[in-house]
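So the structure is just underneath, and the comments pick up after that.
Convention: sequence-line order gives letters A, B, ...; per-chain numbering from 1.
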There are 2 protein chains.
Amino acid sequence: MGLTKTENFTKEQNELASLAKALGHPARIAIIQQLLRVNSCICGDLVDEIPLAQATISRHLKELKAVGIIQGTIQGTSVCYCIDPLKWKEVQTKFNGLFDALVSDQDCAC
Amino acid sequence: MGLTKTENFTKEQNELASLAKALGHPARIAIIQQLLRVNSCICGDLVDEIPLAQATISRHLKELKAVGIIQGTIQGTSVCYCIDPLKWKEVQTKFNGLFDALVSDQDCAC
DNA sequence: TCCATTTATCGCAATATTACGATTAATAAG
DNA sequence: CTTATTAATCGTAATATTGCGATAAATGGA
């Protein structure tokens, strides 16, 4: 079916999964890494850096924008992309909430 | 094409993306949350808790096992699943490496 | 105005993912 | 040995994702 049954899960579970899914492609990781390094970036620079077609980069940017991790500002004919720092901290907090649920390094009870 | 061009990216980028992808489904988040809560879990208990067919749960378990986040131990006719605590810490470290690359809450340079 | 630049979107093709019923394999119980 | 239980796998169908060429839309400059 290819269709995730989101209605079976909590809002928290769906949000965390959406964020993880957005990070679940190496091109999107590469985009985020460069935006973090440079603090802002013209779309064309990303196209130069990442060996994928312009249309493909644009699609990945759209997905990152859809979950709110990045935002784009129009500057003439270009678009300048940035990480949204507040959202980024929120993402970190949500993931660490899951990570920290590991009580300790206790062994498996099996 | 549906085929990710992994060869264009670094090992680090591909690994992080693989882990994120594994977390990118609410059923897999739900499985992880329960394993973290209970410390160990028979497969059948997961099937009872999560409203998806047994075959579907089994597929999700297989994906989590493929990236090393969980491990299964055969116990008679059952299989007991656990989070791998070392791997889990490693996942946390890798994600936080990305999260912490945000220099500060400086504004976008656009 | 006309043309160049830049980025988003469209349309298509190929592959991946999700889901489930049915079946299989393995062990336990009687 | 036969039967029940449990979980993995197979087969299938539907939808999603990835990638790219082509095109469109918007702006800036000559």
| said: Distance under 4.0 Å to a non-hydrogen atom of chain B counts as contact; along DNA chain C, which nucleotides mark the start and end? | reply: C:dA13 to C:dA28
| Any chance CD of B:Glu12 has more than 12 other-residue heavy atoms, nucleotides or ligands included, within less than 6.0 Å? | no
| task | Give the ring-plane orientation class for A:Phe99 versus B:Phe95, where under 30° counts as parallel, over 60° as perpendicular and anything between as tilted. | result | tilted
| Using 4.0 Å as the upper bound for N to carboxylate O, is an ion pair formed by B:Glu90 and B:Lys94? | yes
| said: For nucleotides 19-30 of chain D, give me one character per nucleotide, 5' to 3': B if any protein heavy atom sits under 4.0 Å from the base, S if the only such contacts are to the sugar-phosphate, - if neither. | reply: BBBB----B---
| Nearest-angstrom distance from the residue atom CD1 of B:Ile70 to C1' of D:dA8 | 13 Å
| said: Using heavy-atom distances to pick each residue's nearest nucleotide on DNA chain C, tell me which of B:Lys21 and A:Ile42 is more 5'. | reply: A:Ile42
| With sequence neighbours left out, what residues match A:Thr77 under side-chain hydrogen bond (donor to acceptor under 3.5 Å, both in side chains)? | none
| task | Mind checking B:Ser58 for me? I need base, sugar-phosphate or nothing, with any heavy atom below 4.0 Å counting as a touch. | result | base
| message | With no hydrogens and no angle check, just 3.5 Å: does a side-chain donor-acceptor pair link B:Gln34 and B:Asp45? | response | no
| Reckon A:Ile57 touches a base, only the sugar-phosphate, or nothing at all at heavy-atom distances under 4.0 Å? | nothing
| task | Would you please confirm or rule out a distance under 4.0 Å between OP1 or OP2 of D:dA7 and any side-chain N or O of B:Lys62? | result | no
| Quick one: are the A:Cys110 and B:Cys80 sulfurs under 2.5 Å apart? | yes
| message | Could you check whether the SG atoms of A:Cys82 and B:Cys108 sit less than 2.5 Å apart, since that is the cutoff I want to apply? | response | yes
| field | side-chain contact (heavy atoms from CB on, under 4.5 Å) assessment of B:Asn96 paired with A:Asn96 | value | CA-CA 8 Å; B:Asn96 277 318; A:Asn96 276 318; 3.1 Å; yes
